[in-house]
Amino acid sequence: MDKKIMIGFEICFKDEKIIAAETGSTSLILTRVKVKDRDELDLSVSGSSYDLDFRSVWGQWNLKEGDKLEIRVIETNDATKPTKRYSYIEDEKKVWEAKLWSFRNLQKRLVEKGLIKDENG
């Protein structure tokens, strides 16, 4: 089976080369923060699948004056393995499991207090 062609980014920073691409969206975020005791410049690279069922994170780096960062837009059918991958489906499944547990617990307490009838009669 052929992998889907994606538009992504080839990122070269220091001695690292990353191909960041997802079927849905891929984000490169450069953030500059300068407040009282913070003076930072960061690069974050992440993405999500077309179906939004997971989020990929390739990393976050602190940049300093003089750092050389190269970014090239590319067409690719493969990407560097993300350092982290979060599943929205698994997170959603855990949320529903917690809601179901809470519902059953409340239902049990209401039955015990005689405020509702047990499902079985």
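Any value given below was found using the heavy atoms of this structure, including those in side chains, with hydrogens, waters and symmetry copies removed.
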So which heavy atom on T23 is nearest to which on M6, and how close?
-> N-SD, 3.6 Å
Any chain of hydrophobic side-chain contacts (each under 4.5 Å) joining W58 to I74?
-> no
Spacing of Q60 atom CD and S46 atom OG [to the nearest 0.5 Å] = 9.5 Å
Note, D39 side chain near V33 side chain (heavy atom, < 4.5 Å) = no
Sidechain N-carboxylate O distance under 4.0 Å for E16, K14 = no
Are side-chain N/O atoms of E22 and S49 paired as donor and acceptor at under 3.5 Å?
-> no
Rounded to the nearest 0.5 Å, how far apart are CZ of R32 and CG of L30?
-> 12.0 Å
Could you pull out all residues at least two apart from R104 that satisfy side-chain hydrogen bond (donor to acceptor under 3.5 Å, both in side chains)?
-> none
Determine whether V111 and K108 make a side-chain contact, defined as any pair of heavy atoms from C-beta on separated by less than 4.5 Å.
-> no
Indicate, with yes or no, if L69 and V73 share a hydrophobic cluster defined by side-chain heavy-atom contacts under 4.5 Å among Ile, Leu, Val, Met, Phe, Trp and Tyr.
-> yes
Enter the distance from D118:CG to Q107:CD here, rounded to the nearest 0.5 Å.
-> 7.5 Å
What distance do I11 atom CD1 and R72 atom CZ have between them, rounded to the nearest 0.5 Å?
-> 12.0 Å
Cluster check V45, I29: I/L/V/M/F/W/Y, side chain < 4.5 angstrom = no
CG of D67 to CH2 of W61: how many Å apart, nearest 0.5 Å?
-> 12.5 Å
Side-chain contact test, heavy atoms from C-beta onward, threshold under 4.5 Å: evaluate it for L63 versus D42 and give yes or no.
-> no
So, S48 versus R55: side-chain donor-acceptor pair below 3.5 Å or not?
-> no
Given side chains that start at C-beta, do those of L43 and F13 come closer than 4.5 Å, heavy atoms only?
-> no
To the nearest 0.5 Å, what is the distance between CD1 (I19) and OG1 (T76)?
-> 6.0 Å
